Amino acid sequence: MRLRDLGDDFTWGVATAAYQIEGSPDADGKGPSIWDTFTHKKDWRGKTPVQDGTTGDVATDSYRRYPQDIALIADLGFDAYRFSVAWSRIQPTGSGKVNQAGLDYYRRLVDTCLEAGVEPWLTLFHWDLPQGLQDTGGWTNRETAHRFADYTQIMAEALGDVVQHWMLFNEPLNIVISGHLVGAFAPGKRSFPAYFASLHHVNLATGWGSRALRATLPDADIGTTQYLTPPIGSGFGPLADLAARSADAVLNRAFVEPIIGMGYPWEEAGILKGVKAYMRDGDVEEMTADLDFLGIQYYTRLRAPFLPIPGLWTVPQFGGGGGGAETTSLGWEIMPEGLGMVIDAMNAYGKFPRLVVTEGGASFDDVLADGRVHDPRRIAYYEDHIAQVADARARGVPVDGYFAWSLLDNFEWALGLVPRFGLVYTDYATQERIIKDSGYWFAEQLGGTARP
Ligand code: IFM
């Protein structure tokens with residue numbers, strides 16, 4: 001299969017996120033985000049919540065090196081760059097006064113993309129909530145959803161003339177479950193009330209944010225992204241079936257169905273009834289978002305043993321996945337057909353005009369030797385997953401884009417700098433970028449100029 005055979009209307013892109021690459025945590029008036037706070041927090045043994053003790057203070061230094069990164073994207077032959085905006089660069093405390101220097105930075109970044117012939121795809125929220133909003137409850141406070149709609153409008157007014165493609169949220173599942181129930185991600189909460197409240201308020205913010213965007217930019221291409229996993233239970237017979245259905249409800253449906261007007265699937269997972277305490281009359285309509293596309297983010301399948309809290313122990317960050325199949329360096333099971341399954345499941349709702357795979361990729365133990373990184377397993381991962389997208393298109397599913405995660409190795413949240421997901425190797429000591437074989441593979445396929 002040649003990638004360009006998927007057609008001229010198919011977008012090939014790479015993705016990153018602000019906290020994972022930018023560094024410069026207080027440059028040009030930026031305020032602190034919850035990830036700045038979280039990565040610096042120490043317990044009584046002096047350990048931080050990040051496995052290797054690193055932070056995003058420098059990361060890949062892309063706040064300063066973005067021209068070089070965008071030139072790389074163009075050389076690799078990609079059509080589009082999906083990046084996220086750090087809200088606390090725009091509103092240092094998350095509300096009120098706008099920091100013009102922050103807006104200017106992202107305008108420069110977008111202009112650089114456009115000059116390089118790379119389409120900017122902008123994500124408004126990739127987990128780095130301004131600390132000022134966390135201080136008043138963060139996503140457990142309904143007000144934060146209103147502040148998100150305000151911020152969305154600020155961005156639409158500031159960049160709507162140059163950005164056509166917008167995404168509201170990156171993977172609410174990780175904000176809500178990893179951040180508010182399991183506590184492994186910022187803000188590090190571990191409570192059921194925090195889980196239910198944040199779930200509902202992020203869903204509300206998706207509805208409100210989509211309408212703020214549409215009101216300001218009626219012709220924009222508006223989407224949001226979800227971490228999705230095929231509903232496969234482990235165990236036998238009816239128990240496996242029950243496990244699969246309840247995990248599907250908690251991990252997938254609770255995030256997808258509210259934003260398409262279906263409310264919460266509490267008939268499949270009674271635990272979700274906890275959300276009711278935070279709902280007000282009319283919220284089912286308020287959460288319903290005005291979207292042109294759904295961004296599908298697929299990495300692995302999550303195994304779902306039937307537990308009192310369905311799905312909880314299956315999140316890959318906590319050792320889910322695996323089970324004998326081939327895995328990535330993080331132990332995440334490689335299961336390409338799962339991508340086809342989630343694409344079909346999202347298409348079956350009949351509510352999303354288009355689907356875009358806004359993330360997919362794999363971490364392997366890459367080694368830099370003599371200036372090269374040979375990563376044949378990553379190339380195979382992409383070939384197998386992209387084949388699923390091609391099959392879905394052949395079945396008539398309107399999926400029209402694929403974004404590789406990630407342009408370059410970067411700060412992988414609670415796992416720090418050890419996992420390497422990039423098509424480009426980052427030498428953290430020098431910040432040198434070295435294109436891996438997988439990057440050259442994309443360049444050759446997509447008509448980019450980069451060659452070994
Ligand atoms: O690095 C993350 C990204 O921020 C969100 N999706 C999953 C990626 C790999 O874990």
Side-chain angles (χ1 to χ4, degrees), residues 13-23 33-35 38-39 49-52 54-56 59-60 62 81-87 121-129 167-179 182 184-186 202 223-229 251-252 255 294-302 314-322 327-335 338-339 342 356-366 378 381-382 385 402-424 426 438:
V14 277
T16 64
Y19 188 75
Q20 295 181 270
I21 64 161
E22 284 182 353
S33 82
I34 57 173
W35 273 93
F38 188 70
T39 54
V50 180
Q51 253 176 39
D52 62 3
T54 56
T55 71
T60 62
S62 292
Y81 179 31
R82 174 174 176 247
F83 63 94
S84 80
V85 171
W87 182 347
W121 284 55
L122 187 155
T123 303
L124 287 157
F125 189 84
H126 197 128
W127 308 354
D128 44 356
L129 187 76
M167 283 144 290
L168 296 150
F169 279 92
N170 185 79
E171 297 176 2
L173 170 124
N174 272 311
I175 303 166
V176 171
I177 295 189
S178 306
V182 179
F185 282 6
V202 169
T224 198
T225 81
Q226 300 288 354
Y227 185 105
L228 296 167
T229 178
L251 300 171
N252 299 319
F255 298 94
L294 177 73
I296 290 178
Q297 317 218 145
Y298 174 76
Y299 286 86
T300 184
R301 74 150 143 170
L302 307 180
T314 63
V315 178
Q317 280 83 354
F318 313 103
T327 60
T328 70
S329 68
L330 298 178
W332 299 2
E333 178 177 346
I334 300 176
M335 189 205 183
L339 177 56
V342 297
V356 177
V357 180
T358 40
E359 277 185 30
S363 160
F364 292 109
D365 293 325
D366 298 322
R378 184 172 287 107
Y381 183 99
Y382 280 116
H385 286 73
Y402 187 96
F403 287 72
W405 183 270
S406 179
L407 168 65
L408 70 178
D409 299 335
N410 57 43
F411 181 76
E412 178 57 23
W413 308 109
L415 303 176
L417 294 175
V418 173
R420 291 185 176 272
F421 277 91
L423 303 178
V424 176
T426 305
S438 55

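Being a predicted model, the structure only gives us computed values, none of them experimental. Order of appearance sets the numbers: ligands from 1, and atoms from 1 within every ligand.
Short contacts between ligand 1 and H126, defined as distances under 4.0 Å to a heavy atom of the residue, involve ligand atoms 3 (C), 4 (O), 5 (C). Here is the list of ligand 1 atoms found below 4.0 Å of a heavy atom in E359: 3 (C), 5 (C), 6 (N), 7 (C), 8 (C).
Remark: the S363 side chain and the T328 side chain contain no N/O donor-acceptor pair separated by less than 3.5 Å. Defined by atom type and a distance below 3.5 Å, a donor-acceptor pair is present between the side-chain atoms of Y81 and T16. When only modelled atom types and interatomic distance are considered, S84 and Y19 share no side-chain donor-acceptor pair under 3.5 Å.
Checking only distances, W413 does come within under 3.5 Å of ligand 1, N or O to N or O. For the pair Q20 and ligand 1, the shortest N or O to N or O distance falls below 3.5 Å.
The ring pair (Phe, Tyr, Trp, His ring centres under 6.0 Å) search around F169 returns F125, W139, F148, not counting sequence neighbours. Among residues two or more places apart in sequence or in another chain, the side chain to side chain contact (heavy atoms under 4.5 Å, CB included) test is passed with N252 by L228, T229, D248.
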Between E359 and R82, is a salt bridge (charged side-chain N to carboxylate O under 4.0 Å, His left out) present by the stated rule, with each step listed?
CA-CA 9 Å; E359 277 185 30; R82 174 174 176 247; 3.1 Å; yes

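Of the heavy atoms in Y227, none comes closer than 4.0 Å to ligand 1. If you look at N170 next to ligand 1, the close heavy atoms, those under 4.0 Å, all belong to the side chain. With a heavy-atom cut-off of 4.0 Å, W332 touches ligand 1 through its side chain alone.
Across the listed options Y298, Y299, F411, Y299 owns the non-hydrogen atom lying nearest to atom 8 (C) of ligand 1.
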